[in-house]
Structures are given as structure tokens and as C-alpha cells.
Amino acid sequence: MYVIYIVILSILFQLSAAFFAMRLIKHTGKQVSWMLIAMAMSLLALKRIFTLISLIDGDIIGSQFKTSGWIGLASSALMAIGVVGIGPFLRTKERSKTERKQAEEALHETKEYLDSLINFANAPIVVWDSDKSITKFNHAFEKLTGRLADEVIGQKLDILFPEKTKTESLYHTFQTIKGKQWETVEINIQNIDGTIKTVLWNSSNIYHPESKKIISTIAQGQDITQRKQAETELIKAKENAEKSEEYLNNIINNMGDPVFVKDDQSRILLTNDAFCSLFGLSREQLIGKTLAEDVTQEEQEIFLRIDKQVLANGKENINEETLTIREGQTRTISTRKTRFIDNNGLKFLVGIIRDITERKKAEEALNESERKFRDLFENSTVGKSMTGLDGSLHVNKTFCHILGYSEEELKTMKWTDISYSVDIKKTSNIIQSLLDKEISQARFEKRYIHKSGKIIWTDVSTYVQRDKDDQPQYFITTISDITERKSVEAEINLLNKELEKRVIERTAQLEASNKELEAFSYSVSHDLRAPLRHVNGYVDLLTKRFTDSLTEKGKHYLDSISDSVNQMGVLIDDLLQFSRTGRQEIKQSELDMNILLKEGLRMVESDLTGKKTEWVIATLPHVYGDQALLTLVWINLLGNAVKFTRKHEKPRIEIGFYEENEEFVFFVRDNGVGFDMLYVHKLFGVFQRLHSAEEFEGTGIGLANVKRIISKHGGRTWAEGELNKGAAFYFTLKK
Amino acid sequence: MDKLKTILLVDDSSKDIELTLEALGEHNLANLVSVAKDGVEALEYLNCEGKYMQRKPENPAVILLDIKMPRMDGIEVLKAIKGNSKLKNIPVVMLTSSREEQDLIKSYELGVNAYVVKPVNFKDFIDAVKNLGIFWALINELPSA
């Protein structure tokens, strides 16, 4: 069997020899030779393969090949080793010869390779020599600068940089040359279209292998213009964003209305100044909180409920609510809440609060005043109407009641429909005057027509209600029913007229009777006195001339006649005086009662027949009155006092006064014979006497005269007395 | 006694005339008295008319004039006298029963020289008339005619 293996091994050696022979083609370049050798090897291998097959089939016995087998194997092995051995030999031989060529080729290849690399690199690349002249300039750089490599190569490096940053860029660049390697700097590159590109710039030096001097420098850039722009824009955008945030904050803060933003848990995220000042809390105290502490439970519930609702359905909500802030103060606010969803889908609640406390108060005040006005209007006990400029009526109940119409009926009517036709023109004139501002309000009497047709007299006051632009809106009219008053007035007028007529008649009668009285008193004065005088004269002559012829009795008769005549003379004089007092006009002036009293005392002096009368006289006030008449009063009263104390042993007369209300009360009091109060009513009557003429002379006219004079002054007279004790006479005069 | 002038007494009442003359007679003045029974006669006397045509045209020393008289009363006479330039200087004394204020006022307005109310009491009357006669007829001086 091992024969088979030997054959197989031989085959393998022969095949590997063929293989290596082929391989040598590559190294020696002798194709044909080596191919022939390889073919020979292969043929030998083929022959052996046939032998192997025969062996396997048993066509030949191994033993037959024992020796030749071994020889074949050995030769095959030797062949293979030989061929393999030639290879290295050939290679070292070839190497020295091709190495240079190969190096040259390689160098060339490298250069080309590099050139391509440089040229087609995406990054702009530039190479310059030690003179700073550009030696390479790639497409990317062409694109970057807009210049072609042809025009740039050979030029100085400077041309790449814009004027403005040239110095700086050169500095950076040559720092590299001085040994600072791989420093990445931003360099501005000028494009011929005027734009400036920014390049992130790496450079490195290439040194001579032996002299170690810089032969050239390569710089590779990365066009970061866009990035740069983007960066600038980003910065700008950021700045803008910051600015706009600040701006927004400013806006929010400067808003007069409190503003807040809450998260979906109703926690405050953002507030403005107005919000803080509404609660009187700082931002720090508010941020993150759900609500301020002072807010009542009830209010919180409302706020949170609405927050939830708006966050859930996104519907804007405007709610008027009460807000309790510090110390239990309440404000009325109107809160507008809206939902905001950001890019991340987070929900926020944005709220704006308007403090409407004042407005609310004003509204309430307005409502209140409106209500009051309505109450006043509706429930007034006088008729009220608001009359439009078109004459339409809006009236209250009393107005309806006065005119007998219902409110609805009057709503369809105009004022002219219910006014008495005669009074319409007058009323229209007044309305015009009010509209023209000639008068600010008017009060007048006018007639309306009751539903029943009856005329109603009313007392009307009206004025124009104007708006803030001073334009007339309507008339506010108040009416009260004065029909009854009117009829009473008419009656009174009638009565007055009648009275006047009667007074005139009466006055005429009085005047007539006064005249008669005058004539009468004139007659009395003249005609009545004349016969008396004659009687007296002749009695006197008779007494004088015929005294011898007369008996004592005759003389007594003549004395009696004389007495009676004298008495009648006094009576006539007093009566005339009394009559004159009645007719006389009083002449008022300020009078010193003391002077008048003195005059009275002087007049009665002659009657004081040597008696020592005790006078008690007070100082009297000044009064208004008629001097002559009041003097007469004193004369009469003092005369009486003197007369009626004549028979007293110690006459005492007191004169004084006291004040009572608006009057002075004067009195004359004596301790004379007095009188019985039973007859006091007779004292001041004409010709009324309480004593006989024999006892006390007098005509009974004095006190009547006093009463008449005091009455004419608007005063009163009265007397007090007691028989044999004395009397007091009083009279009053206005202060 | 030639110098004594006359007193003109004007009164419609013969009783008053008699009593006045009695009073004046007590003082011997009665003979100087001329009497007129009313106003008309008084003016005839003063103007020397009618039955006084023959009278020596000489003004009396005083006129004692009653007021209430028939035909022409004392006030009218007074008015005529004071309105007449020849007569206006003659003193006129109203000697009357009337104490009426109006008569008084009227008389003084017309320029009366005195106003005397005849007292009812005769003694007083005599005194009054006597005083009048003495004063006006004997004491009082007048401008010469």
C-alpha cells in the first residue's frame, strides 16, 4: 500500500514544482522557460496519476514499482526543492535591479497620488514654500476663494487673506512656521466675490531630510463659514431669545393687570409685578404655590375647579370672582384663563386678572342709585314723568292715578294728548326755554285732562336731563294735583272779592257816618255850647245886676242853673275830645315815657289840693306812639288816681312798668276808694261811672278815652281794684 | 279919645253880641264897637258899601269874627280880608264856640292873628273879651294906613 502513498507524494511534489515554476515567472520574467518546466512537471504528475489509478485498480502490483516508485518520489522531491530553491535566488537578484526602478515608480506614484489626494480632497489645501510662495492650491481652495490654482500658484500667500485680518492671519500662519505645529486657528479667507470665508486651519512644515530646513508648509483648512454663520446666527438667535424673554418679561411686568402662568397642577410658574402687588407677596413667595394663603377655602375651590376645567378642555374661561387678600380684604376680580400647550405637549394655564373692585363698586353704586331713583320715581307720592323729546311719556303710579290712565295707556300717548288744549302753547314755550337754557327749571300750573274728561289742575316742576355731551335727553317732570286747592282758591277769590266789595261798601258807609259824626260833633261843638254859654251869661248878669231883688231861694236857683250849665260844658268838651280821639290818625315816633309822664303830672298838679301824696315813680322805658294821645292817657290815669285818693289820709300813687313777652305793661296804682270788681267791665265804657258826680266829679269819658287810645296803639287796658283799698290801671304798649 | 279906633264885632247871634258888648262895656270899650250880623255885612262895612256907604273910610283896630254864620261864614270873611291889600293888615281874632281843629288850622293858614274859644263860663268869657279888647284896641300898634 505504501506504494500508493509514495505515488501520491510524488504527484504532490511534481505539482508543487510546477506551481513554484509558474511563480518564478513573476520574479524572473522568463515566462516560456518556466512554463515549459511547469508543463514538464505537470506531465510527469499526470503519468504518476495514471500509475496511481492502475495501482488502485490492481492492474499492477506495487512490488513491481517498489524501486521505480521510490526513485520517482525522490526525483519529484528533488525537482520541487530545486524549483523552490531557485525562487529566492532569483528574487534577491531581481531586487537590486528593480528596487530603484520600483522606488522611482513608487515616488512618482506617491506624488501623483498625493497630487490627486490634494486636488480632490474636500478640504481646501494650500502648500507654500519657504519663500511663502504658493506651490499647491487645490480645487476646494479654488472653490473657496473663487481663484484658479494657475493664477494663484507662484503668488505670495498674502493674497489669500482679506485686508482686515491679513496681519493677524499671517501672524498665526508664521507662528506655525516657527515651530508651533498643528495649531488649529480660524483664518479668514477672501473670496473674489467679496465675501469672507472662515476656515479652520491646520498647517505643518515639511523639512529637508538631511538639512532639516523647511522646504514647504502645507495648510489644510476646513470651511467653517456656514458653521460660523450658523453659530453667529445661533448666538444672535440666543441673544434675541434672551432679549425677547426680557422683553416679554418687561411686557408682562409692565402690564397693569396681574398675569400668571400655572402648570398642569395649578402651581404658579410665572407672575408679573401686578400679580405680586395684588397679593402683597413677593415672586419667591408665590412661585411654586398653588394659591396664596389668605384666599378662603371657598375661593380656592372655585379657582382650582376652573383651572382644572380649562386645562382639561382648553376652553377660555372668564370668571368674575371674589378674592380675599391680606387682612380679609376682598377684591372683585375678573379672571381670564386660557390653556397653552408647548412643543413638548406640556399643558400650561395662562391667566390674566382684572381687578374690577372699583368698577364693581361703581356698578353697585350705580345700581343702587338707579334702584333708589326707580324707587323714588315709582313710589313717589307726587306724579312723576320722564317725558321724551318726542313727547312720549314714562310715568309713575301716582301720575297714572292723578290722570286715571294706566301706565300702558300712557306709554302710547304723548304729553300733548293729556294736556288741556289751552295750556299746550304755554307749556311748549316753557319746554323751548328749557331746551334753550334760558331757564334751568320751570315751575308752573297747568291743566291736564283726566281719562274721564275732567280737568285736573296741577302744579308742575320740570327740568331737562342732559347727557355728558350736554345734549337734552328727556324732561323730568313732577306734578301734584292741585284741583282741590284750585277750587278752594277760586272760592277764596270769590269770597275775597265779595269781601272786598263789602269792605268798600262798609268803608263808604263808615266814611259817610264819619262825616256825619264830624258834622254832628261840629254842631255839638258850636251850636250846643252857644246856648249853654248864653244861659250862663244871662244867669251871671242876673245875679250881678239884680242881686238885691232876689231872695235867697232865687239866688240858690240861679247857682244850680249855673252848676248844671258848667257841668254840661265839661261833658260836651269831653265828648268832643273822645270823638276826636276816635277819628284822629296816630302819629308814631319814639317817645320817652318819663317825659310824657312828667307832662301828665304837671297837668294834674292843680288838683292836688295841698295834700301830701306819696309818689312812687319808676324810670320808664322808651316806646313808640303818639305823643299827644299818650300824654292824654297819663293825664287821665293820673287825674283819676289823684281824684280817687283825695279822701285818703295818706294818699299813695305808684307808677311803674314791667316787661311781658313783646310788651311793656305800664300801671298806675293807688290806695284810693277803689272799686268793686263786679263792675270792672263798666270801667272803660263811655259815660260809665262807678261813683256819683256828687262824690267824685267826672263825665265817665276819661277811661273810655284811655282804652280807645291804647287800642289804637295795639295795646290792651285793664283794671284791678278793691273797694276802699285802691285800684290799679294797666295798659300795654308794644316794645 | 279920638285916637281910639273901633272894634268890629261880627256875629249872627244877638245874645252873643249882647253878652260880648256887656263884657266890653265892663271895661268901657263898648262904645267903640261896630256890629255886623254876618259875613256879608262885615265886608260891606269894611269896604264902605251898602248901608255903610256913608261911613268914614277907616279900618277898625281889630275884627272879632265868629265862624258859624249864615250867608258867609267867618272863614270866608277872613279869606276876603287877608286877600284884600287894603284890609289885610287889620288884625282878625276868631272869637268862636268851635274848638274844631280844622277851623283852627284853616284860620291860621289864612293868616288869622288870634283864635279864641268862647268860654262857657261867663266870668271867663268876660275876662277873655276884656283882654282881647284891651290888647288889640289899645295896646297893639299897626302900620299907618
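A, B, ... follow the sequence lines: proteins, then strands. Residue 1 opens every chain. Atom set for the values below is all heavy atoms of this structure, side chains included, hydrogens, waters and symmetry mates excluded.
- The pair B/Asp16-B/Lys118 counts as a salt bridge, with a side-chain nitrogen and a carboxylate oxygen less than 4.0 angstrom apart.
- Counting heavy-atom pairs closer than 4.5 Å to chain B, the top residue among A/Val539, A/Leu541, A/Leu532, A/Val535 is A/Leu541.
- B/Arg71 has no carboxylate O lying under 4.0 Å from a charged side-chain N of B/Glu41, or vice versa, which leaves the two without a salt bridge.
- Among the residues in residues 587-601 of chain A, none has a non-hydrogen atom closer than 4.5 angstrom to a non-hydrogen atom of chain B.
- Of residues 561-568 of chain A, those residues lying under 4.5 Å from chain B by any heavy-atom pair are A/Val565, A/Asn566.
- The closest side-chain heavy-atom distance from B/Val35 to B/Leu8 is not below 4.5 Å.
- Between B/Asp66 and B/Lys37 there is no salt bridge, since none of the side-chain N atoms of the basic residue sits less than 4.0 Å from a carboxylate O of the acidic one.
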Scan the side chains in residues 708-715 of chain A for donor-acceptor partners under 3.5 Å anywhere in the protein, sequence neighbours excluded, and list what turns up.
from: A/Arg708; atom 1: NH1; to: A/Phe578; atom 2: O; distance (Å): 3.1
from: A/Ser711; atom 1: OG; to: A/Lys707; atom 2: O; distance (Å): 2.8
from: A/Lys712; atom 1: NZ; to: A/Gly582; atom 2: O; distance (Å): 3.3
from: A/Lys712; atom 1: NZ; to: A/Gln584; atom 2: O; distance (Å): 2.7
from: A/His713; atom 1: ND1; to: A/Ile709; atom 2: O; distance (Å): 2.9
from: A/His713; atom 1: NE2; to: A/Asp626; atom 2: N; distance (Å): 2.9

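- Judged as a ring pair (Phe, Tyr, Trp, His ring centres under 6.0 Å), the pairs with a partner in residues 43-71 of chain B (not counting sequence neighbours) are, in order, B/Tyr45-B/Tyr52.
- In this structure, B/Glu26 pairs ionically with A/Lys544, as a charged nitrogen and a carboxylate oxygen lie closer than 4.0 Å.
- Checked by atom type and distance alone, the side chain of B/Glu76 pairs as donor or acceptor with a backbone atom of B/Asp73 at under 3.5 Å.
- Taking the side chain as every heavy atom from C-beta outward, B/Leu78 and B/Ser107 approach each other to under 4.5 Å.
- Residue B/Leu65 holds its CG atom at 4.5 Å from CE of B/Met94, rounded to the nearest 0.5 Å.
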